[in-house]
Chemist: 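What follows is a structure written as structure tokens; I'll ask about it next.
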Amino acid sequence: MSPEPQAQIEAGLDAQSAADPTRMRKHSLVIAGHRTSISLEDAFWFALRDIAQARGIPLARLAAEIDAKRGEANLSSAIRVFVLNTLRS
């Protein structure tokens, strides 16, 4: 039996990301009831997803937590810094 189509798509993205982690993609999220989009390189998007999974929370909730603490930085930059700091610790 073959994997679900969504799993195949995600696996394809992971494989593609390994080949080109600098590829930029737009991602849509709902934060505090507002739809927003962010542009992130695949490497940062997949790292953010992995951090959310490790914490047992939805990715949108983690993005909302980052958003609440970001100050004047744009959300994409704040996410990159968060991922970097998390991976360093």
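Residue indices begin at 1 and follow the sequence shown.
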Chemist: Treat each ILVMFWY residue as a node, draw an edge where side-chain heavy atoms are under 4.5 Å apart, and state whether Val81 and Leu87 are in one component.
Modeler: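 Different clusters: Val81 never reaches Leu87 through Ile, Leu, Val, Met, Phe, Trp or Tyr contacts under 4.5 Å.
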Chemist: Side chain of Ser37, backbone of Lys26: donor and acceptor closer than 3.5 Å?
Modeler: no
Chemist: Please test Ile31 against Leu75 for side-chain contact (heavy atoms from CB on, under 4.5 Å), starting from the C-alpha separation and ending with a verdict.
Modeler: CA-CA 11 Å; Ile31 297 175; Leu75 183 54; 3.6 Å; yes
Chemist: Atom NE2 of His34 and atom CG of Leu29: how far apart are they, to the nearest 0.5 Å?
Modeler: 14.0 Å
Chemist: Return the minimal non-hydrogen interatomic distance between Ile38 and Ser76, and the atom names on each side.
Modeler: CB-OG, 3.5 Å
Chemist: Apply side-chain contact (heavy atoms from CB on, under 4.5 Å) to the pair Thr36 and Asp67, showing each step before the final yes or no.
Modeler: CA-CA 11 Å; Thr36 190; Asp67 183 50; over 6 Å; no
Chemist: Checking salt bridge (charged side-chain N to carboxylate O under 4.0 Å, His left out) against Asp42, which of Arg49, Arg23, Arg25 comes through?
Modeler: Arg25
Chemist: Given the rule that I, L, V, M, F, W and Y join up when any side-chain heavy atoms are under 4.5 Å apart, are Ile79 and Ile57 in one cluster?
Modeler: yes
Chemist: Using side-chain heavy atoms (C-beta onward) and a distance below 4.5 Å, is Leu40 in contact with Val83?
Modeler: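 Side chain of Leu40 against side chain of Val83, heavy atoms only: no contact under 4.5 Å found.
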Chemist: Let me see the working for Glu65 and Arg61 under salt bridge (charged side-chain N to carboxylate O under 4.0 Å, His left out), right down to the final yes or no.
Modeler: CA-CA 6 Å; Glu65 290 174 9; Arg61 180 173 159 199; 3.4 Å; yes
Chemist: Enumerate the residue pairs fulfilling side-chain hydrogen bond (donor to acceptor under 3.5 Å, both in side chains) with a member in residues 80-89, sequence neighbours excluded, ordered by first and then second residue.
Modeler: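 Applying side-chain hydrogen bond (donor to acceptor under 3.5 Å, both in side chains) to every pair that reaches into residues 80-89, excluding sequence neighbours, yields Glu41-Arg80.
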Chemist: Which pair of non-hydrogen atoms, one from Met24 and one from Ser39, has the smallest distance, and what is that distance?
Modeler: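 Scanning both residues completely, I find the closest heavy atoms to be SD-C, 3.6 Å.
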